[in-house]
Amino acid sequence: MKANATHSGPAAARNPISPANDVLGLNGADLVHPGLVNHPTLSPSIQVQILSIVDATGSASIGDIVAELPGHTDPVGAIFALIAADVLVVVTAGIIDAHSIVARPDGDPNGGFNSEDDETPPATSPDTAAGSAKDAPPIDVSALAEASLPPDLLLVPSSPLKPRIVMGPGRRRAAFKHVPILQQAGVYIFLRAHSVYVGFGTDVGARIAAGRQMPDGTPNVIIAITDMQDGLSDEDARALERILWSYVSSDEDFSLINGVPDGAPIDPDRYDQLALFASEVVLALRQAGLMFLHGSVRERLASPRAEPERLGAPRRIDDLPEGRVMELNYCGLTALAAERDDGTWLLLRGSDVRIETVNSASASASFQRAAWLHAGLLEEARDGSCYVLKRDISFSSGSAVGHFVSGSRGFGLSSWRAIEPGDDELAELAC
DNA sequence: CCCACATGGGTGAATTGCTA
DNA sequence: TAGCAATTCACCCATGTGGG
């Protein structure tokens, strides 16, 4: 995934002449000029370039500076060489990442150095810098932060995702196509009276401009959501669409026009990051007075436990469910489900769910594992051999249930066999 | 607004792989 | 090699998307 791309940062951190260890060029290099910081990553022109980016507005984010130095192999190392030499300081608190802001010490434009030759053209605005971020080398924020930590202190990785939300009136739909920061994977929301549509696009700006998703004319409000660092892959955006759809389904002010999106195959850790991303979106839209206005903030930030109509009513483990009880044995695991009169199936709590999904399985098999692990509806079995379902969950068919529990298309309707559920059958599930 | 097309779920058949 | 389990494939259908 793009967000996890690596580059040479870790190597630089261990390098004996990395910024942390040789900030003043004590390894024998000469000081060519007292106003120049001597460091392998810093040529005089790079130093001047970085400082002019900072001076253009008085400060700059590390990500912006990196974006302005597309040809540089270690732009972050260069920035930290200047920080270590007290030419720049980090003015934001907390963990160093691409959003951290650097400036001259005490607001001094010269930062204690004479920058008389600081005459390079002014840096571009942060917006254009972000627009060119795609061409810059990927930023390894964890390597960047670890380079600044004392020995034995480790950085705990956190989600690199941060939403950027652009909104506008529906009549300006076409304008979304021309916004550089929307020419990337993302999701969008259309509002019209009490109707809402949640969609995704691999180029979300173009998707908004071209689509005909609202059946009754144009939407009143369009909301476009991308990641600050273009960190969403196409599959992330598909999964995020389904996660956000689920959040929106709990907003009683609106009814959804579209059905459950397909989602995408996703691993549980990435799902958790996308769910956090979605809750940041929810908070922003609530604070903007647009959506998610009912109930407490805490209530709104916790996504619904499952999509509408999926969760079965609470049931004691030894109570018989409504319908005909069926059993599926697969891959050494067992699942029980109840086939109901309306054709839907209820997968019973306590059923085994295989941890892996095969390549040919549908996106839902992987997505639902991640979603229900996130919600606590699936838990890993004590011996780690499989997941165990904690609540009854509804499916559209026996084939769908078999597909989900086995993580493979091979276990369809014909794989199930009816059983007479005695106490021992249900007791088995209770274990 | 209509229609053609793409996509994905549901299903059973075919194929592959493992083990006794 | 036979038998079984696991996986993939092919088909049909419903739904959503995008172009005219």
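Quick caveat, the model's predicted, so the values are computed rather than measured. In the text below, chain A, chain B and the rest are named by the order of the sequence lines, each starting its count at 1.
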Subject >> Interatomic distance, K177(A) NZ vs dG18(C) P [rounded to whole Å] >> reply: 12 Å
Original post:
In whole angstroms, how far is the P atom of dG10(B) from the CG atom of L328(A)?
Top reply: 15 Å
Subject >> Atom-pair distance (CZ on R238(A); C1' on dG16(C)), nearest Å >> reply: 12 Å
**OP:** Please report, rounded to the nearest Å, how far the P atom of dG10(B) is from the CZ atom of F395(A).
**Re:** 10 Å
Original post:
Rounded to whole angstroms, how far apart are NE2 on H403(A) and C1' on dG12(B)?
Top reply: 14 Å
Subject >> Listed once per pair and sorted, the salt bridge (charged side-chain N to carboxylate O under 4.0 Å, His left out) pairs that draw on residues 283-306 of chain A, sequence neighbours left out >> reply: none
**OP:** Would you sort out whether Y188(A) and F200(A) count as a ring-ring contact (aromatic ring centres under 6.0 Å, His included), showing the intermediate values?
**Re:** CA-CA 6 Å; Y188(A) 60 89; F200(A) 93 100; 8.2 Å; no
**OP:** May I have the distance from L333(A) (atom CG) to dA5(C) (atom P), rounded to whole angstrom?
**Re:** 14 Å
Subject >> Presence of Y197(A) side-chain N/O under 4.0 Å of dT17(C) phosphate oxygens OP1/OP2 >> reply: yes
**OP:** Nearest whole angstrom, please: distance from the P of dT17(C) to the CG of D203(A).
**Re:** 16 Å
Original post:
Who pairs with W245(A) by ring pair (Phe, Tyr, Trp, His ring centres under 6.0 Å), at least two apart in sequence or on another chain?
Top reply: none
Original post:
Looking at side-chain heavy atoms only, is the closest gap between P261(A) and E241(A) below 4.5 Å?
Top reply: yes
**OP:** Using whole Å, report how far CD1 of I355(A) lies from P of dA6(C).
**Re:** 16 Å
Original post:
Does a side-chain N or O from R354(A) land closer than 4.0 Å to OP1 or OP2 of dA6(C), or not?
Top reply: no
**OP:** Taking only the side-chain heavy atoms of R207(A) (C-beta and beyond), determine which of dG8(B), dG10(B), dG18(C) contains the nearest atom.
**Re:** dG18(C)
